[in-house]
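Below, chain A is the first sequence line, B the second, and so on; all start at residue 1. Keep in mind that the numbers below use all heavy atoms, side chains included, and drop hydrogens, waters and symmetry copies.
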2 protein chains.
Amino acid sequence: MSDGFGLDHLPYGVFTTRASAPRVGVRFADRVVDVASVRPELDRPTLNDFMALGPEVWSQTRTEIAGLVESDTLPSYAVDDVTLQLPFAVGDYVDFYASLEHASNLGRIFRPDQEPLLPNWRHLPVGYHGRSGTVVVSGTPVVRPCGQRKAPTDDAPVFGPSRRLDIETELGFVIGVGSELGDRIGVDEFAQHVFGVVGVNDWSARDIQSWEYVPLGPFLGKSFATSVSAWVTPLAALAAARADLPAQDPAPLPYLSGTEGWALDIDIEVVLNGEVVSRPPYRGMYWSPAQMLAHLTVNGASTRTGDLFASGTISGAEPETRGSFLELSWGGKEPFAGGHTFLEDGDEVVLRYGAPGAGGGRITLGEVAGRIDPARE
Amino acid sequence: MSDGFGLDHLPYGVFTTRASAPRVGVRFADRVVDVASVRPELDRPTLNDFMALGPEVWSQTRTEIAGLVESDTLPSYAVDDVTLQLPFAVGDYVDFYASLEHASNLGRIFRPDQEPLLPNWRHLPVGYHGRSGTVVVSGTPVVRPCGQRKAPTDDAPVFGPSRRLDIETELGFVIGVGSELGDRIGVDEFAQHVFGVVGVNDWSARDIQSWEYVPLGPFLGKSFATSVSAWVTPLAALAAARADLPAQDPAPLPYLSGTEGWALDIDIEVVLNGEVVSRPPYRGMYWSPAQMLAHLTVNGASTRTGDLFASGTISGAEPETRGSFLELSWGGKEPFAGGHTFLEDGDEVVLRYGAPGAGGGRITLGEVAGRIDPARE
């Protein structure tokens with residue numbers, strides 16, 4: 001048993017041992033295989049140089065590594081004996097809002113008397129830029145952020161630790177081959193540019209966010225930390241997970257239409273202090289990652305190796321498939337999982353991702369774990 | 001005559017000649033002085049390694065370079081004979097909204113029946129993350145972006161080149177010494193972290209922006225290009241430009257209060273096709289750059305060498321001091337400068353910045369120039 005990390009998966013990460021500088025490793029079963037000897041671009045402290053080489057080299061290298069792993073000719077370490085690092089240097093980080101159910105839930109919670117979806121939502125994948133410098137690897141503790149908040153009943157804002165600290169269960173996409181300023185990446189060019197997939201938890205302080213976000217969007221309510229998995233699953237490992245997109249109504253504009261759907265059948269578990277509290281399904285997301293990337297570049301914005309874009313919170317239609325505590329507790333009014341509303345100090349959240357692998361098996365994407373440390377006042 | 005580039009200024013940039021790799025140069029009069037021999041960190045393709053050394057080294061190096069320039073012992077080139085590059089590798093790019101007059105004008109234009117300022121505006125410097133990968137050096141042409149727009153009278157959005165392409169006249173601040181995740185930078189620690197100042201034009205497609213920006217803020221309406229000056233003026237060169245902040249009412253929360261005001265007496269000219277069309281004054285900006293940086297980090301967000309944060313559009317109280325075409329043409333309804341509303345293909349905009357220098361003279365900050373190229377459809 002490879003427990004989701006078999007030859008059909010082989011995700012990439014960056015690791016250190018006590019004796020060695022950071023370099024690229026590949027996960028196989030419970031081992032980290034040192035692949036630095038396979039290509040010079042893998043003997044690096046980030047995946048960026050390798051990701052920049054493009055799909056042909058990605059494919060050749062994956063085949064070569066699979067052979068070397070199978071023949072057990074490369075050095076390896078027990079995964080518990082290494083330290084996993086942030087696997088890539090993040091260029092720009094963009095977060096989308098691609099779940100119809102999540103966007104609708106937020107509309108119902110915050111604007112109960114109005115149409116839940118805003119007028120632009122079905123016409124374009126709404127997104128914004130997040131802070132790339134605070135993208136951290138799974139396992140990094142998250143310090144509860146301080147900031148201004150103001151309840152509608154308060155006369156003036158107060159300053160202090162966030163009281164509505166939340167998760168956002170997301171999937172992220174990492175650019176391997178960038179694009180030039182003025183150019184666009186079409187929907188069907190997705191696989192020429194995107195190297196792979198990571199799990200993402202976009203920690204959010206809802207009280208800070210709700211006071212600050214008008215009119216320029218979220219800022220300090222999100223910028224304190226975004227956790228990503230230590231393992232980047234290559235797109236090639238997700239071939240069996242590809243699925244049809246849900247129907248889109250109205251039909252998207254031509255630049256958002258393609259022949260390749262890129263929905264992905266990825267199941268997620270949200271684990272709070274060891275208990276599964278939600279199971280968001282990625283498969284039903286309204287906007288595909290290929291549409292997100294086409295939208296991101298339609299104005300001629302360039303992209304770079306290491307750019308990360310994420311789906312936004314993944315929520316399904318059923319209450320037990322919601323991807324944020326804000327939705328699971330319905331705005332903090334309906335405690336779940338034994339009395340939880342938002343995150344308490346000491347809480348640990350692990351996001352687990354699984355998908356169909358080649359040959360009828362399953363692959364386990366890299367998990368995203370984080371524990372809440374108390375605020376520093 | 002040094003024309004604003006005398007010994008009291010000495011801004012840093014990065015240049016190439018036909019024969020040489022990119023390295024750091026210092027502007028003196030109409031010459032670019034090759035300072036690569038002064039310190040190894042200046043023999044680099046960006047300013048980042050030098051900026052990371054901190055204020056003591058910045059000060060020593062500035063004194064040393066001034067002496068070497070005065071004695072004419074370093075090689076130099078005519079500024080017209082070199083190519084100026086983006087002077088620093090941009091980490092995260094944050095744009096604020098710090099002008100009371102600009103924020104009020106936008107409120108009056110877009111929400112004429114309501115209070116112009118939103119409730120949070122006087123309590124915190126509103127800001128958001130922009131795209132760092134599309135920060136370009138002065139002189140880079142700007143391709144008119146395409147995107148979705150929808151007028152209130154349209155049934156559905158249409159796709160095409162922006163019809164309301166605009167400038168935003170801003171001032172930017174470059175982080176030299178970063179800060180750790182979980183830490184804060186206090187208002188009075190500004191000069192320990194900020195290396196210098198650049199001119200910024202945050203090109204904006206108002207029609208794309210107004211359709212997309214709810215609820216997560218500006219995205220494609222801004223992400224196609226942000227131009228910065230080729231010269232970074234060290235903070236030390238702006239000592240004579242320091243001024244008192246305007247009164248802030250209500251008093252800011254303690255984390256936004258400091259003893260060092262960091263208002264800056266910088267005059268700006270907006271030049272459209274050779275004609276000065278506006279003169280925005282930086283001096284009257286409501287929120288200081290030190291307050292912006294304290295706010296940016298109060299949630300524990302880390303900062304890195306090369307992070308850029310900008311003021312947002314600078315507008316004064318008088319119509320002829322407005323920093324965007326949106327305001328100069330009052331939402332496109334009042335043509336200015338011989339019939340202009342928004343930018344036409346072929347228009348060239350140059351932002352010029354001047355400030356008091358040491359000893360009663362004036363310094364000229366690096367200009368920010370850009371010409372509009374037609375959309376690529």
Side-chain angles (χ1 to χ4, degrees), chain A residues 91-95 97 106 118-120 123-124 126-134 136 140 143 145-148 150 156-157 159 162 178 181-184 205 208 211-221 223-225 250 253-255 295-296 298-304 307 373 376, chain B residues 91-95 97 106 118-120 123-124 126-134 136 140 143 145-148 150 156-157 159 162 178 181-184 205 208 211-221 223-225 250 253-255 295-296 298-304 307 373 376:
Chain A
D92 272 295
Y93 164 45
V94 168
D95 203 17
Y97 192 54
L106 263 59
L118 291 167
N120 57 10
H123 294 280
L124 53 84
V126 171
Y128 71 103
H129 285 87
R131 189 165 185 81
S132 58
T134 53
V136 298
T140 306
V143 177
C146 291
Q148 292 192 29
K150 181 182 170 301
F159 180 84
S162 171
L181 197 65
D183 286 350
R184 301 175 190 173
I208 296 172
W211 169 233
E212 75 179 355
Y213 89 107
V214 180
L216 300 183
F219 182 37
L220 300 187
S223 65
F224 56 95
L253 282 164
Y255 81 91
H295 186 64
L296 197 162
V298 75
N299 67 346
S302 51
T303 57
R304 291 176 289 177
D307 281 355
D373 279 355
R376 299 184 196 163
Chain B
D92 272 296
Y93 164 45
V94 169
D95 202 18
Y97 192 53
L106 263 61
L118 291 166
N120 58 11
H123 293 281
L124 54 82
V126 170
Y128 72 104
H129 285 88
R131 189 163 186 82
S132 58
T134 52
V136 297
T140 307
V143 178
C146 290
Q148 292 192 28
K150 182 182 170 299
F159 180 83
S162 170
L181 197 64
D183 286 350
R184 300 175 192 172
I208 296 172
W211 169 232
E212 75 177 356
Y213 89 106
V214 180
L216 300 183
F219 182 35
L220 301 188
S223 65
F224 57 94
L253 282 164
Y255 80 90
H295 186 63
L296 197 162
V298 74
N299 68 346
S302 50
T303 57
R304 291 176 289 178
D307 281 355
D373 279 356
R376 300 186 196 161

If you look at every heavy atom in B/Pro215 and A/Tyr213, which pair is closest and at what distance? O-CD1, 3.4 Å
Run the ring pair (Phe, Tyr, Trp, His ring centres under 6.0 Å) test on A/Tyr255 and B/Phe159 for me, step by step, so that the C-alpha distance in whole Å, both residues' side-chain angles and the decisive distance to 0.1 Å come before the verdict. CA-CA 9 Å; A/Tyr255 81 91; B/Phe159 180 83; 4.8 Å; yes
Can you tell which part of A/Leu253 gets under 4.5 Å to a heavy atom of chain B, answering side chain, backbone, both or neither? side chain
Please find the pair of heavy atoms, one from A/Gly133 and one from B/Ser302, that lie closest to each other, and give the distance. O-OG, 3.5 Å
What part of A/Asp183 gets within 4.5 angstrom of chain B, counting heavy atoms only: side chain, backbone, both, or neither? both
Between CD on residue A/Glu212 and CG on residue B/Leu124, distance to nearest 0.5 Å: 7.5 Å
Max heavy-atom pair count under 4.5 Å with chain B, selected residue of A/Ser162, A/Gly130, A/Gly221, A/Gly91: A/Gly130
CG-OG1 distance between B/Leu181 and A/Thr140, expressed to the nearest 0.5 angstrom: 8.0 Å
Quick one: ring-ring contact (aromatic ring centres under 6.0 Å, His included) partners of B/Phe219, sequence neighbours excluded? A/Phe96, A/His129
Distance check, rounded to the nearest 0.5 Å: A/Arg184 atom CZ versus B/Arg376 atom CZ? 9.5 Å
In terms of heavy-atom proximity below 4.5 Å to chain A, should B/Pro119 be classed as side chain, backbone, both, or neither? both
Could you check which of A/Leu296, A/Thr303, A/Val143, A/Val136 has the highest count of heavy-atom pairs closer than 4.5 Å to chain B? A/Leu296
With chain B as the partner, which of A/Ala225, A/Gly182, A/Gly178 has the greatest number of non-hydrogen pairs under 4.5 Å? A/Gly182
Which of B/Gly147, B/Pro157, B/Ala156, B/Gly300 touches chain A most, by non-hydrogen pairs under 4.5 Å: B/Pro157
Closest heavy-atom pair and its distance - B/Asn120, A/Val214: ND2-O, 3.0 Å
Quick one: which of B/Arg131, B/Lys150, B/Gln148, B/His295 has the most heavy-atom pairs under 4.5 Å with chain A, could you say? B/Arg131
Is it the side chain or the backbone of A/Leu220 that comes within 4.5 Å of chain B heavy atoms, both, or neither? both
Pick whichever of B/Ser132, B/Pro145, B/Ala205, B/Pro254 has the most heavy-atom pairs under 4.5 Å with chain A. B/Ser132
Correct closest heavy-atom pair for B/Asn299 and A/Ser223 would be ND2-OG, 2.9 Å
Tell me, for A/Leu106 versus chain B, whether the close heavy atoms (under 4.5 Å) come from the side chain, the backbone, both or neither. neither
Atom OG1 in B/Thr134, atom CZ in A/Arg304: separation rounded to 0.5 Å? 8.5 Å
